[in-house]
Each structure stands twice: as C-alpha cells, then as structure tokens.
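Contents: one structure, followed by commentary.
Here the structure is a predicted model, which is why all the values come from computation and not from measurement.
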Amino acid sequence: MTIAVIRFGGSNCDRDSVQALESMGFDAELVWHADGLPEDTTGIMLPGGFSYGDYLRAGAMAARSPIMGEVREAAADGTPVLGVCNGAQIGCESSLTPGAFTTNESARFQCEHVHLRVENAETPWTSRYGEGDVIELPIAHGEGRYEIPDDRLDELEAEGRILFKYCNEDGEVTPEANPNGSKHAVAGVTGECDHVAVMMPHPERASLEDLGRTDGQPVLSGFAD
Amino acid sequence: MTAFTATVTVRLKRGVLDPEAETTQRSLERLGFELDDLRSADVFELDLEAGDADGAADRAEEMAERLLANPTIHDYTVEVARAE
C-alpha cells in the first residue's frame with residue numbers, strides 16, 4: 001500500500017508529510033501532480049504549502065488541476081484522503097469537503113501552537129482519540145477561517161462531521177482560543193464520507209518523537225483503516 | 001462572431017467577514033478620511049469572441065461558477081460590452 005502525497009508547485013509540507021508517515025511505518029510516496037496517481041495508491045494526502053502562490057484564492061488553482069479529478073474518483077471508491085492546511089483549502093475548493101477556508105479574522109499569517117478538542121472520535125482520523133480529548137498541534141496559515149452558511153454548519157454539526165474545534169488547554173471553546181475567527185471554531189471537517197477529511201492544523205508537524213509532541217500521529221494513523 | 005469584453009466582479013457575500021477590507025478602512029480613517037463602510041471586490045475582464053452578448057455572458061458566468069468565484073462565500077455579477 002502506498003500513500004500518495006501530492007506535490008503541486010508551491011507545496012512545502014510534502015516532504016514533512018512523507019517523513020512523518022514513513023516514521024509511523026507507512027509506505028508513502030511524493031507524487032508530482034502532473035504525473036497522476038500511482039496505480040497502487042491506497043491513501044492520498046494533500047499537503048500544506050502555497051500551491052500556485054495562493055493565486056486567486058488559496059487552493060483554487062490546485063483544486064482545478066487534472067489530478068484532483070483522479071483524487072475525487074479515488075475518494076468515491078473509498079480511498080482515504082486527508083488534506084492539511086493548503087491541502088484543506090484545496091479540499092474545500094474542489095468540493096471534496098464542505099465550506100471554505102478564507103482570510104484569518106486578524107488579516108495576518110498566524111504561526112503558533114493551538115489546542116484542539118476532538119468533536120467526533122468515530123472517524124478514521126480521530127478514532128484513536130476519545131471524544132472531548134484536547135490535543136496540541138501547530139498552525140501556520142493566513143487563510144484558515146472556516147466559512148460556510150449557518151444552516152449548512154448546523155447540518156454538519158448534527159451529522160458529526162466536525163473533527164476538531166479550536167479550544168483552550170482546558171478544552172473550552174472560547175473566542176480567545178479561536179486563532180482565526182473560524183465559524184463555530186471549526187478546525188477540521190469530513191466530506192460526505194468520513195474517510196475524506198481536511199484540517200488546517202498540521203498533524204505531520206507533531207508526529208516525530210525526536211521533535212517533541214506526537215499529538216498528530218493518531219490523525220495520520222487513519223490511513224491504516 | 002463578435003469581440004466582447006465580459007467584466008466579472010466577485011464580492012464576498014453580505015455578512016461574510018472581510019478582514020482585509022476592515023484593515024483598509026481603518027487605514028483610510030487613520031489618514032483622516034471619514035467613511036461608513038468599505039467593501040472590496042475582485043474584477044476580471046475577459047476578452048472573448050461570441051455570437052452575441054448573451055453567449056458571451058453565459059460563458060463568463062460559467063467561468064465565474066467554476067473558478068473565479070467560490071459560491072460558498074462569494075456573489076458575482078457579469079457585465080458584457082462589445083470590445084472597442
């Protein structure tokens with residue numbers, strides 16, 4: 001099995017993602033977008049970065065690249081897909097997942113550690129946590145504010161499609177703990193099926209024991225399901 | 001076929017926070033200007049050939065739907081004029 005980590009022009013978390021996945025025992029491969037998905041792809045990661053220089057909107061160009069048609073088909077066939085940061089923006093721009101990630105409320109690029117509360121522990125990406133667990137992951141984004149019409153967000157909440165919410169270290173979702181002004185403090189959501197998910201915080205940057213915290217490993221372990 | 005210029009204006013939907021516009025407004029106010037609100041928009045001018053203005057507008061609209069705007073957060077308008 002091979003997890004394809006798709007590299008677009010401007011991706012910059014692609015090698016980190018491969019390294020994190022390999023350190024956990026996964027077979028992971030960098031895939032240049034123009035080369036298409038390898039035949040033995042059993043998982044797909046859309047890594048962070050600034051694909052196409054964030055032209056037009058973050059993720060807009062990559063979302064319309066031909067490989068994303070293959071990603072959509074693979075997702076529909078049950079292949080797990082995880083988009084992180086710019087990969088999350090690409091996921092929403094390509095309608096793999098609902099909503100949009102847009103300019104932070106602060107209008108600034110924010111690079112810091114945040115706390116996240118696990119909202120639904122019954123998805124592949126969260127099943128190794130417990131519901132309500134508080135984890136710490138890094139964020140690094142200028143366009144991470146989750147936006148979606150209120151009625152759609154209520155539906156997502158009711159359907160258990162919110163993976164994580166920004167919270168304080170005690171697990172309380174407060175305006176102060178919301179780093180980018182995301183609606184309902186949403187940090188990650190699933191697509192129509194929960195094997196497709198996107199999140200702005202970086203699990204792959206908190207997965208190597210040599211670098212400290214490994215709170216992100218359980219997210220990446222979702223590729224094993 | 002006739003040459004047209006389609007102007008697609010993409011705006012955030014009313015009610016969607018626009019931190020860049022707010023920052024721009026604050027800067028204008030710091031310069032001493034008085035204003036009640038500021039909204040920003042992206043404008044795309046598309047030169048294209050079409051049988052008539054409706055055909056040009058349809059094509060520009062499809063471009064807006066599929067790339068230029070994100071329907072989750074944006075509204076857009078299309079105006080078509082014969083190219084000079």
Side-chain angles (χ1 to χ4, degrees), chain A residues 51-52 54-66 68-69 72 88-110 141-153 155-156 161 175 178-186 189 191 198, chain B residues 4-48 56-80:
Chain A
S51 57
Y52 301 91
D54 282 352
Y55 289 175
L56 193 62
R57 299 176 298 276
M61 300 297 162
R64 275 86 180 168
S65 65
M68 289 306 296
R72 266 191 294 274
Q89 295 159 337
I90 294 168
C92 283
E93 277 283 341
S94 64
S95 300
L96 276 170
T97 46
F101 291 102
T102 186
T103 313
N104 292 348
E105 189 173 19
S106 64
R108 294 189 178 129
F109 190 90
Q110 296 196 214
H141 59 246
E143 297 178 45
R145 176 169 56 95
Y146 191 64
E147 268 293 345
I148 190 167
D150 292 335
D151 53 340
R152 282 290 291 132
L153 185 49
E155 286 171 22
L156 296 183
R161 289 171 59 182
N178 185 338
N180 52 29
S182 285
K183 265 195 186 173
H184 290 203
V186 170
V189 296
V198 298
Chain B
F4 293 96
T5 296
T7 303
V8 179
T9 305
V10 178
R11 291 187 174 81
L12 284 172
K13 288 184 180 182
R14 281 283 184 169
V16 175
L17 190 69
D18 187 345
E20 289 178 3
E22 287 179 6
T23 306
T24 308
Q25 179 172 348
R26 279 202 301 278
S27 275
L28 285 171
E29 287 166 346
R30 214 172 294 135
L31 290 172
F33 293 104
E34 289 181 17
L35 68 166
D36 295 329
D37 196 13
L38 181 150
R39 291 171 294 283
S40 63
D42 289 326
V43 176
F44 303 89
E45 295 182 347
L46 314 168
D47 293 336
L48 42 83
D58 286 349
R59 212 179 323 149
E61 197 160 311
E62 195 182 347
M63 293 185 211
E65 287 283 333
R66 291 187 56 189
L67 176 63
L68 300 178
N70 178 335
T72 302
I73 52 173
H74 291 136
D75 287 327
Y76 65 87
T77 56
V78 175
E79 288 175 42
V80 170

**Asked** Which residues from residues 17-32 of chain B are near chain A, with near meaning under 4.5 Å between non-hydrogen atoms?
**Response** B/L17, B/P19, B/E20, B/T23
**Request:** Could you look at A/R145 and say if it's the side chain, the backbone, both or neither that has a heavy atom under 4.5 Å from chain B?
**Result:** side chain
**Item:** N/O donor-acceptor pair under 3.5 Å between A/Q110 side chain and A/N180 backbone
**Value:**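 Answer holds: no.
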**Item:** Backbone of A/A107 reached by a side-chain donor or acceptor of A/T103 within 3.5 Å
**Value:**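 No, A/T103 side chain to A/A107 backbone: no donor-acceptor pair under 3.5 Å.
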**Message:** Assess whether a salt bridge exists between B/D37 and B/R39, defined as any Lys/Arg side-chain N lying under 4.0 Å from an Asp/Glu carboxylate O.
**Reply:**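 The answer is yes: the pair qualifies as a salt bridge.
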**Item:** Carboxylate-amine/guanidinium proximity below 4.0 Å for B/R14 and B/D75
**Value:** no
**Request:** Decide yes or no on salt bridge (charged side-chain N to carboxylate O under 4.0 Å, His left out) for B/R59 and B/E61, but give the supporting numbers first.
**Result:** CA-CA 5 Å; B/R59 212 179 323 149; B/E61 197 160 311; over 6 Å; no
**Prompt:** Would you find more than 12 non-hydrogen atoms of other residues, nucleotides or ligands less than 6.0 Å from A/R64 atom CZ?
**Reply:** yes
**Crowding at CD, B/E45 (>12 non-hydrogen neighbours, <6.0 Å)** = no
**Asked** Looking only at heavy atoms, which two atoms of A/I148 and A/L156 are closest? And how far apart?
**Response** CD1-CD1, 3.7 Å
**Message:** Just to be sure I understand the criterion: a residue of residues 90-101 of chain A counts if one of its heavy atoms is under 4.5 Å from a heavy atom of chain B. Which ones qualify?
**Reply:**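 A/E93, A/G99, A/A100 fall under the 4.5 Å cut-off.
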**Residue B/L67 versus chain A: region with a heavy atom under 4.5 Å** = both
**Message:** Let me confirm one number: the NE2-OG1 distance from B/H74 to A/T102, rounded to the nearest 0.5 Å.
**Reply:** 6.5 Å
**Side chain to side chain, B/L12 and B/S40, heavy atoms closer than 4.5 Å** =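 Of all side-chain heavy-atom pairs linking B/S40 with B/L12, none is under 4.5 Å.
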